[in-house]
Number of protein chains: 2
Amino acid sequence: MPRALSVLEKIVSSILSVMGLEEIAARASGQFRTTQSMVANGLRDAILSGVLAGGQPLRQEEIAESFGVSRSPVREALRQLEGEGMVAFIPHRGAVVSEISHYEVEEITEIRIALETMAMHKAIPLLEDDDLERAEEVLHRIDREEDLITYWSELNWRFHATLFAPAERPRLLALIKSQHDAFERYIRMHLALSDYEKPQSEHYELLDLCRKKDTDAILKLLTQHIENTSELLVTYIKDGKETGANGLAKNTS
Amino acid sequence: MPRALSVLEKIVSSILSVMGLEEIAARASGQFRTTQSMVANGLRDAILSGVLAGGQPLRQEEIAESFGVSRSPVREALRQLEGEGMVAFIPHRGAVVSEISHYEVEEITEIRIALETMAMHKAIPLLEDDDLERAEEVLHRIDREEDLITYWSELNWRFHATLFAPAERPRLLALIKSQHDAFERYIRMHLALSDYEKPQSEHYELLDLCRKKDTDAILKLLTQHIENTSELLVTYIKDGKETGANGLAKNTS
DNA sequence: GTATTGTATATTGGATGCAAAGTCAAGAAG
DNA sequence: CTTCTTGACTTTGCATCCAATATACAATAC
């Protein structure tokens with residue numbers, strides 16, 4: 001029992017310490033105007049960061065205590081995440097962090113390729129020097145970043161989102177992000193540092209092709225980029241299944 | 001006040017009367033094992049059927065009374081629908097049925113074309129006579145159906161889903177359905193009986209091409225089919241905005 | 001020894017109560 | 001006449017309480 005508490009407390013405090021000002025700003029500027037939204041964001045973060053592993057049961061009382069609130073906002077937060085597909089409810093048994101199989105990884109890969117190539121295709125003719133500069137800036141930040149395990153997800157997304165942005169398709173972007181997220185939490189858990197090198201070099205390649213506005217080559221490389229990630233993930237998931245869900249396994253007693 | 005109540009009561013009773021045995025079976029077999037899921041399904045139905053129009057505020061107390069429950073399960077149901085994107089919460093002001101603009105219709109159209117042509121493409125080589133027969137059966141039901149305003153949505157979806165099914169992509173299918181749903185509730189509200197004729201004849205055409213396994217022609221027709229729906233919808237939404245369903249005037253910039 | 005039934009305990013699901021935020025209209029100030 | 005303030009009222013958001021359900025384990029029957 002105290003174990004689970006400490007895990008969540010770590011998340012909460014990590015949000016508060018790592019994000020620091022961002023957190024406080026968000027709170028002030030109306031991002032966290034309700035307890036529910038704070039809990040929802042905290043849990044989402046915890047799931048995406050891999051602290052709460054797939055299949056892990058989410059005890060309402062524990063979560064409530066961790067956040068220092070009652071169960072009502074916790075239940076609402078869980079329901080919202082259910083709607084987002086991040087947790088699954090089993091009636092009278094509670095919520096668990098939803099898992100994806102390697103079949104689903106392959107399915108998501110197809111979806112991502114379809115959606116991302118579309119977004120990219122729409123964005124290419126509208127890409128300005130300004131956008132490309134900002135994208136490159138993100139890549140430099142990745143190069144400089146010491147703690148990639150924590151920040152890869154966010155920076156990687158920011159790079160791709162920057163390239164998609166000129167397309168001005170908010171709904172499409174949201175869809176892509178949700179598919180992205182389904183991947184990233186496994187990425188963060190499993191990948192070693194060396195695994196970041198190849199995608200990062202592909203990022204530079206992609207940026208270069210974007211400068212040349214070579215549509216065909218861009219879409220081809222983007223497709224390849226997604227497929228590479230997918231392959232890595234499938235390997236890790238299959239391995240994990242074989243060896244028996246390591247890491248934060250903390251099931252019965 | 002009594003107006004909104006009667007509207008919702010109509011929905012609830014229509015679920016109970018129309019579904020009859022199905023409803024009871026569902027309840028017994030675990031579909032509605034909690035009040036929350038009943039309310040969520042009821043509200044989703046009400047929104048998709050257009051009974052609860054876009055922008056309409058959703059008073060928790062009213063809904064709770066309509067369903068004969070307290071506000072707790074109602075709030076949870078609303079949160080779940082928020083996660084699904086069907087309602088939007090404004091802190092301390094409550095939930096409203098989310099709306100889509102004609103910009104969003106155009107965006108969803110692109111997304112639908114990308115996802116549905118992909119699903120169809122994967123399904124074509126796997127289509128069996130059996131599938132085609134079931135699809136045709138649905139079309140006959142549409143021909144026979146008196147109350148298309150109520151049942152078009154469901155039957156139309158069933159037809160397309162039948163053709164997508166052999167692809168065996170549950171996540172993709174779910175994504176397509178959610179984009180579909182974003183359209184259908186406007187369709188149901190706005191379209192006249194005559195508007196169903198063209199899509200239905202396209203359905204027969206599509207089925208015919210599926211029999212011939214003419215991939216290129218199928219994908220082309222499917223794209224056209226989606227675009228036609230989209231155009232109708234854009235017209236109706238623009239008309240609605242112009243003619244004075246002003247209500248909550250929003251982003252026109 | 002295995003299967004089944006009954007009971008204790010933990011956990012979820014739902015109802016109720018109360019404080020806080022928001023809304024609206026009437027009246028005062030400019 | 002318009003704008004701002006004030007206070008009653010509405011509605012939301014959260015905490016607490018109680019009931020319903022599931023799980024684990026022990027006791028009993030076969």
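Keep in mind it's a predicted model, so treat the numbers as computed, not measured. Basis for what follows: all heavy atoms, side chains included, without hydrogens, waters or symmetry-related copies. Sequence lines set the chain letters: A, B, ... in the order given, protein chains first and strands last, and positions in each chain run from 1.
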*Among B:L81, B:V87, B:V96, find the one that has a side chain to side chain contact (heavy atoms under 4.5 Å, CB included) with B:L58.*
B:V87

_In this structure, how many angstroms lie between the C1' atom of D:dC14 and the CE atom of A:M38, rounded?_
12 Å

_Rounded interatomic separation in angstrom, taking CD from B:E61 and C1' from C:dA15_ = 11 Å

*How many Å lie between CD on A:E65 and P on D:dT16, as a whole number?*
12 Å

*Taking CZ from A:R59 and C1' from C:dT12, how many angstroms apart are they, rounded to a whole number?*
9 Å

_Closest nucleotide among C:dA21, D:dA22, D:dC14 to the A:P73 side chain_ = D:dC14

*Going by an N to O cut-off under 4.0 Å, is there a salt bridge joining A:E184 and A:R188?*
no

*State whether A:T35 places a side-chain N or O below 4.0 Å from either non-bridging phosphate oxygen (OP1 or OP2) of D:dG13.*
no

*Does the side chain of A:R75 get closer than 4.0 angstrom to OP1 or OP2 of C:dG13 through an N or O atom?*
yes

*Does the side-chain contact (heavy atoms from CB on, under 4.5 Å) test come out yes or no for B:F164 and B:I176, once each step is laid out?*
CA-CA 10 Å; B:F164 294 145; B:I176 292 173; 4.2 Å; yes

*For C:dG13, does OP1 or OP2 lie under 4.0 Å from any side-chain N or O of A:Q60?*
yes

*asked:* Quick check on salt bridge (charged side-chain N to carboxylate O under 4.0 Å, His left out): which of A:E107, A:E104, A:E110 does B:R171 satisfy it with?
replied: A:E104

*Would you indicate which nucleotide in D:dG13, D:dT16, C:dG14 comes nearest to any side-chain atom of A:S70?*
D:dT16

*After noting the C-alpha distance and the side-chain angles of B:Q179 and B:E116, does the key distance pass the side-chain hydrogen bond (donor to acceptor under 3.5 Å, both in side chains) rule?*
CA-CA 10 Å; B:Q179 305 305 310; B:E116 296 191 29; over 6 Å; no

*asked:* What is the separation between atom CD on B:E82 and atom C1' on D:dT12, rounded to the nearest whole Å?
replied: 14 Å

*Rounded to whole angstrom units, what separation is found between the CD1 atom of B:I63 and the P atom of D:dT11?*
12 Å

*asked:* Using heavy-atom distances to pick each residue's nearest nucleotide on DNA chain D, tell me which of B:G94 and A:H92 is more 5'.
replied: B:G94

*OP1, OP2 of D:dC14 versus side-chain N and O of A:S72: anything below 4.0 Å?*
no

*Respond yes when some side-chain nitrogen or oxygen of B:R33 is under 4.0 Å from OP1 or OP2 of D:dA22, and no when none is.*
yes

*Hey, does A:E76 reach any base, or is it just sugar-phosphate, or nothing, if we go heavy atoms under 4.0 Å?*
nothing

_In this structure, how many angstroms lie between the P atom of D:dG13 and the CG atom of B:L58, rounded?_
12 Å

*Can a side chain N or O of A:R93 be found less than 4.0 Å away from OP1 or OP2 on D:dT23?*
yes

*Rounded to the nearest angstrom, tell me the gap between atom CZ in B:R71 and atom P in D:dT16.*
17 Å

